[in-house]
**Q** 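Let me give you the structure first, and then I'll get to my questions.
Not measured: the values here are computed from a predicted model.
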Amino acid sequence: MPSTIYVLNGPNLNALGKREPGIYGALTLADIEALCVAEGEKLGLEIVFRQSNHEGDLVDWFHEAGEKAAGIAVNAGAYTHTSIALHDAAKAIGIPVVELHLSNVHAREKFRHTSLLAPAAKGVICGFGADSYILALNALKTLTNQTR
Ligand code: DHK
């Protein structure tokens, strides 16, 4: 049975493609979902791909993934920098969380240099555009081979 990985996306990522393409790239979130599903097929991972602009949805999906999945790849958008609730949710579940970003947040505004989620994550990938998602899935493949 393939392991299930939740790929979760936070606020404003529904606008990818038209949102600051010089920073976030030309691909839409649907394009990125298709790339993730294709990579999942290669890796033997079933991908559950979701986006919400609401913090509580993301918290609920962390808990759902904790019951149903082997790991989470999450681009929490701006909630990365503000959300104690997502930090606590990542700590409340027993599966690895990989934080990811399209842009290199460390080369941008200072307020993006802090992640409240990162201390609760297994690791962080940023700066590789849509490839950040692919790298996160590969990291989770390795991590979940080590766990379930
Ligand atoms: C996406 C966002 O929406 C920002 O709030 C983060 C991240 C960076 C990204 O690069 O994917 O600061």
Side-chain angles (χ1 to χ4, degrees), residues 1-20 23-25 27-41 43-103 105 108-109 111-148:
M1 236 199 25
S3 298
T4 300
I5 300 294
Y6 276 39
V7 181
L8 301 179
N9 296 277
N12 300 306
L13 292 165
N14 54 311
L16 284 182
K18 50 183 192 277
R19 173 194 184 202
E20 301 185 88
I23 294 174
Y24 296 110
L27 297 185
T28 65
L29 196 61
D31 294 331
I32 291 176
E33 177 174 6
L35 292 174
C36 287
V37 170
E39 188 69 12
E41 275 166 20
L43 296 173
L45 302 173
E46 189 195 325
I47 304 299
V48 173
F49 193 97
R50 294 187 187 155
Q51 187 273 334
S52 177
N53 292 323
H54 305 281
E55 188 176 10
D57 287 342
L58 295 163
V59 171
D60 286 345
W61 292 340
F62 268 53
H63 287 283
E64 184 184 307
E67 299 296 321
K68 297 184 176 169
I72 297 174
V74 57
N75 183 352
Y79 290 140
T80 306
H81 316 297
T82 63
S83 179
I84 297 169
L86 278 183
H87 171 109
D88 287 350
K91 285 216 154 170
I93 57 178
I95 58 172
V97 173
V98 174
E99 175 184 323
L100 74 95
H101 305 285
L102 294 152
S103 65
V105 286
R108 299 182 62 196
E109 303 96 322
F111 62 82
R112 295 184 206 278
H113 298 181
T114 300
S115 168
L116 298 189
L117 181 58
K122 198 76 187 168
V124 180
I125 296 166
C126 74
F128 300 100
D131 280 347
S132 291
Y133 285 78
I134 303 304
L135 292 165
L137 291 179
N138 279 272
L140 282 163
K141 172 71 182 174
T142 306
L143 287 168
T144 56
N145 280 345
Q146 289 160 4
T147 53
R148 356 178 169 154

**Q** Would a 4.5 Å heavy-atom cut-off, applied to side chains only, mark L140 and P96 as touching?
**A** yes

**Q** Using the ring of each side chain (for Trp, its six-membered ring), is H81 parallel, tilted or perpendicular to F111, with breaks at 30° and 60°?
**A** perpendicular

**Q** Which donor-acceptor pairs under 3.5 Å do the side chains of residues 84-91 make with protein atoms, sequence neighbours left out?
**A**
residue : atom : partner : partner atom : Å
H87     : ND1  : L116    : O            : 2.8

**Q** D60: what forms a side-chain contact (heavy atoms from CB on, under 4.5 Å) with it, not counting sequence neighbours?
**A** none

**Q** Listed by chain and number, what are the side-chain contact (heavy atoms from CB on, under 4.5 Å) partners of L35, not counting sequence neighbours?
**A**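 Per chain and number, L35 pairs via side-chain contact (heavy atoms from CB on, under 4.5 Å) with L27, A130, I134.
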
**Q** So how far is it from Y79 OH to H54 NE2, rounded to the nearest 0.5 Å?
**A** 7.5 Å

**Q** Kindly give the heavy-atom pair with the smallest separation between S103 and I23, and that separation in Å.
**A**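 In terms of heavy atoms, the two residues are closest at CB-CG2, 3.9 Å.
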
**Q** Quick one: salt bridge (charged side-chain N to carboxylate O under 4.0 Å, His left out) partners of E39, sequence neighbours excluded?
**A** K42

**Q** Please tell me if the side chains of L143 and V98 come closer than 4.5 Å, counting only heavy atoms from C-beta onward.
**A** yes

**Q** Less than 4.5 Å apart, any side-chain heavy atom of L135 and any of N138?
**A**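 Not touching, per the 4.5 Å side-chain cut-off.
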
**Q** S115 and E99: side-chain hydrogen bond (donor to acceptor under 3.5 Å, both in side chains), yes or no, with the steps?
**A** CA-CA 9 Å; S115 168; E99 175 184 323; 2.8 Å; yes

**Q** Using only heavy-atom distances, determine whether the side chains of T142 and N145 contain a donor-acceptor pair under 3.5 Å.
**A**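 No, N145 and T142 have no side-chain donor paired with an acceptor closer than 3.5 Å.
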
**Q** Between N9 and R50, is there a side-chain heavy-atom distance shorter than 4.5 Å?
**A**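 Of all side-chain heavy-atom pairs linking N9 with R50, none is under 4.5 Å.
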
**Q** If the condition is side-chain contact (heavy atoms from CB on, under 4.5 Å), which residues does S132 pass it with, not counting sequence neighbours?
**A**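 Only L100, I125, F128 meet the side-chain contact (heavy atoms from CB on, under 4.5 Å) criterion with S132.
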
**Q** Using a 4.5 Å cut-off on heavy atoms from C-beta on, say whether the side chain of V124 contacts that of V105.
**A**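 No; the side chains remain at least 4.5 Å from each other.
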
**Q** Side chain to side chain donor-acceptor pair (under 3.5 Å) with E20: which residues, sequence neighbours excluded?
**A**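 Not a single residue meets the side chain to side chain donor-acceptor pair (under 3.5 Å) criterion with E20.
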
**Q** Could you work out, with side chain to side chain donor-acceptor pair (under 3.5 Å) as the rule, every residue matching Y6, not counting sequence neighbours?
**A**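 Listed in chain order: E64.
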
**Q** What residues form a salt bridge (charged side-chain N to carboxylate O under 4.0 Å, His left out) with R19, not counting sequence neighbours?
**A** none

**Q** T4: which residues meet the side chain to side chain donor-acceptor pair (under 3.5 Å) condition with it, sequence neighbours left out?
**A**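 Partners of T4 by the side chain to side chain donor-acceptor pair (under 3.5 Å) criterion come out as none, since no residue qualifies.
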
**Q** How long is the span from the CG atom in L102 to the CG atom in L16, to the nearest 0.5 Å?
**A**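 Rounded to the nearest 0.5 Å, the CG-CG separation comes to 6.0 Å.
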
**Q** Of all residues at least two apart in sequence or in a different chain, which pass the side chain to side chain donor-acceptor pair (under 3.5 Å) check with N12?
**A**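 Result, side chain to side chain donor-acceptor pair (under 3.5 Å) vs N12: none returned.
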
**Q** Just to verify, what does I93 make a side-chain contact (heavy atoms from CB on, under 4.5 Å) with, not counting sequence neighbours?
**A**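 For I93 the side-chain contact (heavy atoms from CB on, under 4.5 Å) partners, ignoring immediate neighbours, are F62, H63, I72, I95, V97.
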
**Q** Is the shortest heavy-atom distance from the side chain of L137 to the side chain of I47 under 4.5 Å?
**A**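 Yes, at least one pair of side-chain atoms sits under 4.5 Å.
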
